[in-house]
Colleague: 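Pasting in a structure now, in structure tokens, and then I'll have a few things to ask.
None of the values given here were measured: they were computed from a predicted structure.
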Amino acid sequence: MSKVSSEENIAAIYSMLARAWGRQHWWPARSRFEVIVGAYLTQNTSWRNVEIAMRNLHAARVLSVEGIRNISVGRLERLIRSSGYFRQKARKLKMFVRFLDRCYGGSLNKMFAQPTAELREQLLSLNGVGPETADSILLYAGQHPVFVVDAYTRRLSIRHGILPDNAPYEEIRSLFERSLTRVPELSAIVVSSSSAGKASHSPSRMSLAARSPLAQVFNEMHGLIVSAGKQYCLKSKAHCDQCPLGPLLRPSSG
DNA sequence: TTCCGGCCGG
DNA sequence: CCGGCGGGAA
């Protein structure tokens with residue numbers, strides 16, 4: 001069989017899924033802080049249950065740094081109950097705000113102005129923030145160019161022979177970042193389908209995307225992988241015959 | 001019963 | 001490396 005490098009495989013996955021499904025509008029949230037809260041709440045938890053908690057927080061008007069700073073742990077627990085592990089997660093959200101206050105005077109702007117690598121280490125030092133949560137915050141709340149590795153990424157990569165099943169997080173992350181950085185036309189796929197019309201009516205959003213095209217590619221790739229994982233690459237069973245990536249698995253004459 | 005966009009402590 | 005955390009939906 002023809003030997004294809006992992007980098008080429010990953011690039012192929014990106015272009016096939018992007019072509020099949022287009023933009024993902026991934027990580028729905030109204031603010032950066034909302035992204036951060038969601039990153040905590042969705043740990044080993046279905047997004048469905050997180051949405052209920054987010055609605056509760058929004059209705060209680062505490063979905064902000066201020067709000068989480070001032071709310072009691074008991075009431076916070078009650079509001080996020082649906083997301084599971086609610087006692088741990090309530091404490092950890094309070095701990096994040098304490099960290100933000102202590103190190104950045106409560107300013108997300110100051111926090112995200114930090115260099116990516118330093119901020120990543122700081123986030124990882126927080127109790128309740130592992131690599132996936134840290135990278136989700138960096139990428140989706142801060143537009144820092146890091147690729148988020150999750151269970152879907154591992155599963156899909158293992159099944160496609162890109163990774164051994166014992167590959168450590170950092171190895172996967174650097175592999176995906178390398179693969180998606182190297183191929184220049186990947187960003188063109190994102191850009192072409194996003195800003196087809198010039199002079200859009202949402203300039204703030206566009207300038208952000210334009211400032212960090214690499215982050216946009218990482219963002220899209222993660223969203224596409226999650227879609228594939230939810231629809232086809234299920235945990236117990238994979239429906240490769242229906243999946244847009246099916247052809248990659250079949251030994252072809254190439 | 002299983003599964004979910006993990007992480008921590010022993 | 002392993003158990004615990006935990007509610008909601010399929």
Side-chain angles (χ1 to χ4, degrees), chain A residues 13-14 17 21 23-30 32-57 73-96 98-99 120-144 146-159 163-173 176-177 215 217-239:
Chain A
I13 288 171
Y14 180 92
L17 291 182
W21 296 337
R23 281 178 77 68
Q24 295 302 293
H25 308 291
W26 192 232
W27 209 296
R30 326 287 258 36
R32 293 177 306 176
F33 188 69
E34 218 178 290
V35 174
I36 294 170
V37 172
Y40 276 88
L41 295 188
T42 197
Q43 286 171 6
N44 199 37
T45 300
S46 62
W47 187 253
R48 167 83 48 174
N49 293 347
V50 175
E51 286 181 305
I52 299 170
M54 299 290 280
R55 280 198 296 274
N56 292 341
L57 293 171
V73 180
R75 190 154 103 91
L76 183 54
E77 287 178 355
R78 216 161 26 76
L79 291 172
I80 67 171
R81 193 170 219 282
S82 67
S83 72
Y85 310 137
F86 56 91
R87 284 186 274 282
Q88 299 195 65
K89 286 173 179 175
R91 276 191 303 110
K92 274 124 185 209
L93 286 174
K94 299 286 286 185
M95 290 172 60
F96 174 82
R98 258 177 277 145
F99 155 77
R120 188 169 195 271
E121 286 314 303
Q122 283 189 7
L123 292 173
L124 285 174
S125 75
L126 295 177
N127 189 308
V129 178
E132 184 182 341
T133 305
D135 290 338
S136 295
I137 291 172
L138 285 166
L139 177 62
Y140 290 109
Q143 315 298 320
H144 282 249
V146 296
F147 184 77
V148 178
V149 177
D150 61 8
Y152 294 124
T153 308
R154 289 176 180 275
R155 193 161 70 218
L156 187 147
S157 299
I158 291 167
R159 286 177 178 167
L163 292 169
D165 56 0
N166 60 349
Y169 185 98
E170 281 308 307
E171 214 166 279
I172 305 175
R173 185 169 76 92
F176 272 76
E177 290 182 355
V217 174
F218 293 163
N219 182 325
E220 281 304 307
M221 179 60 155
H222 183 236
L224 290 165
I225 288 177
V226 173
S227 292
K230 282 182 171 172
Q231 298 178 54
Y232 302 104
C233 206
L234 309 186
K235 176 159 196 176
S236 43
K237 194 163 70 126
H239 303 114

Colleague: Treating A:Ser157 as the side-chain partner and A:Thr153 as the backbone partner, does any N or O pair qualify as donor plus acceptor under 3.5 Å?
Modeller: yes

Colleague: For a 4.0 angstrom threshold against heavy atoms of chain A, report the outermost contacting nucleotides of DNA chain C in 5' to 3' order.
Modeller: C:dC5 to C:dA9

Colleague: Does OP1 or OP2 of B:dC4 have a side-chain N or O of A:Lys235 closer than 4.0 Å?
Modeller: yes

Colleague: Using the P atom as the point on both nucleotides, what is the distance between C:dG6 and B:dG9, in whole Å?
Modeller: 14 Å

Colleague: So, using salt bridge (charged side-chain N to carboxylate O under 4.0 Å, His left out) as the criterion, who are the partners of A:Glu132 when residues are at least two apart?
Modeller: none

Colleague: Identify, residue by residue, the members of residues 74-88 of chain A with a heavy atom below 4.0 Å from DNA chain C, and return them in order of residue number, or none.
Modeller: A:Arg81, A:Ser82, A:Ser83, A:Gly84, A:Tyr85, A:Phe86, A:Arg87, A:Gln88

Colleague: In whole angstrom, give the distance that lies between atom CG of A:Leu123 and atom P of B:dC7.
Modeller: 12 Å

Colleague: Extract all donor-acceptor atom pairs below 3.5 Å that involve side chains of residues 221-231 of chain A and protein atoms in other chains or at least two apart in sequence.
Modeller:
unit_1, atom_1, unit_2, atom_2, d
A:His222, ND1, A:Trp26, NE1, 3.3
A:His222, ND1, A:Tyr140, OH, 2.7
A:His222, NE2, A:Asp150, OD2, 2.8
A:Ser227, OG, A:Gln24, OE1, 2.8
A:Ser227, OG, A:Gly223, O, 3.2

Colleague: Taking any heavy-atom pair under 4.0 Å as a contact, classify A:Val148: base, sugar-phosphate, or nothing.
Modeller: nothing

Colleague: Check side-chain contact (heavy atoms from CB on, under 4.5 Å) between A:Asn44 and all other residues, then give those that pass, not counting sequence neighbours.
Modeller: A:Tyr85

Colleague: Please report the distance, rounded to the nearest Å, between CZ in A:Arg91 and P in B:dC8.
Modeller: 11 Å

Colleague: Residues in side-chain contact (heavy atoms from CB on, under 4.5 Å) with A:Arg81, at least two apart?
Modeller: A:Phe86

Colleague: So, using salt bridge (charged side-chain N to carboxylate O under 4.0 Å, His left out) as the criterion, who are the partners of A:Arg155 when residues are at least two apart?
Modeller: none

Colleague: Do A:Ser82 side-chain atoms and A:Asn49 backbone N/O form a donor-acceptor pair below 3.5 Å?
Modeller: yes

Colleague: Listed by chain and number, what are the ring pair (Phe, Tyr, Trp, His ring centres under 6.0 Å) partners of A:Phe147, not counting sequence neighbours?
Modeller: A:Phe176

Colleague: At 4.0 Å (heavy atoms only), tell me whether A:Lys230 reaches a base, stays on the sugar-phosphate, or touches nothing.
Modeller: base

Colleague: Is there a donor-acceptor contact under 3.5 Å from the side chain of A:Tyr40 to the main chain of A:Gly128?
Modeller: no

Colleague: If you find the nucleotide of DNA chain B closest to A:Asn127 and the one closest to A:His222, which residue's nucleotide is nearer the 5' end?
Modeller: A:His222

Colleague: Nearest whole Å is fine: how far is B:dC4 C1' from A:Arg154 CZ?
Modeller: 16 Å

Colleague: List for me each residue that meets side chain to side chain donor-acceptor pair (under 3.5 Å) alongside A:Glu34, sequence neighbours excluded, and say none if there are none.
Modeller: none

Colleague: Between A:Asp150 (CG) and B:dG6 (P), how many Å, whole number?
Modeller: 7 Å

Colleague: Under the 3.5 angstrom rule, does the side chain of A:Lys89 hit a backbone N or O of A:Ile80 as a donor-acceptor pair?
Modeller: no

Colleague: Counting a pair only when it is Watson-Crick or G-U and both distances are under 3.5 Å, which runs of at least 3 such pairs involve DNA chain B?
Modeller: B:1-4 with C:7-10, B:6-10 with C:1-5

Colleague: Got a sec, which residues hit side-chain contact (heavy atoms from CB on, under 4.5 Å) with A:Gln122, two or more places apart in sequence or on another chain?
Modeller: A:Phe99, A:Tyr104, A:Leu119

Colleague: Is there a donor-acceptor pair closer than 3.5 Å between any side-chain N or O of A:Asn56 and the backbone N or O of A:Leu79?
Modeller: yes

Colleague: To the nearest Å, give me how far apart CG (A:Asn49) and C1' (B:dC3) are.
Modeller: 11 Å

Colleague: What contact category does A:Leu126 fall into here, base, sugar-phosphate, or nothing, at under 4.0 angstrom with non-hydrogen atoms?
Modeller: sugar-phosphate

Colleague: Specify the separation, in whole Å, of atom CG of A:Leu93 and atom C1' of B:dC7.
Modeller: 14 Å

Colleague: Is any side-chain heavy atom of A:Leu163 less than 4.5 Å from a side-chain heavy atom of A:Arg154?
Modeller: no

Colleague: Calculate the interatomic distance between A:Gln43 atom CD and B:dG6 atom P; express it in whole Å.
Modeller: 8 Å

Colleague: Would you mind reporting whether A:Leu126 and A:Met95 have side-chain heavy atoms less than 4.5 Å apart?
Modeller: no

Colleague: Near DNA chain B, which residues from residues 130-139 of chain A have a heavy atom under 4.0 Å away?
Modeller: A:Gly130, A:Pro131, A:Glu132, A:Thr133

Colleague: What's the gap between B:dT2 and C:dG3 when it is taken at their P atoms, as a whole Å value?
Modeller: 15 Å

Colleague: Nearest whole angstrom, please: distance from the C1' of B:dG6 to the NZ of A:Lys89.
Modeller: 8 Å

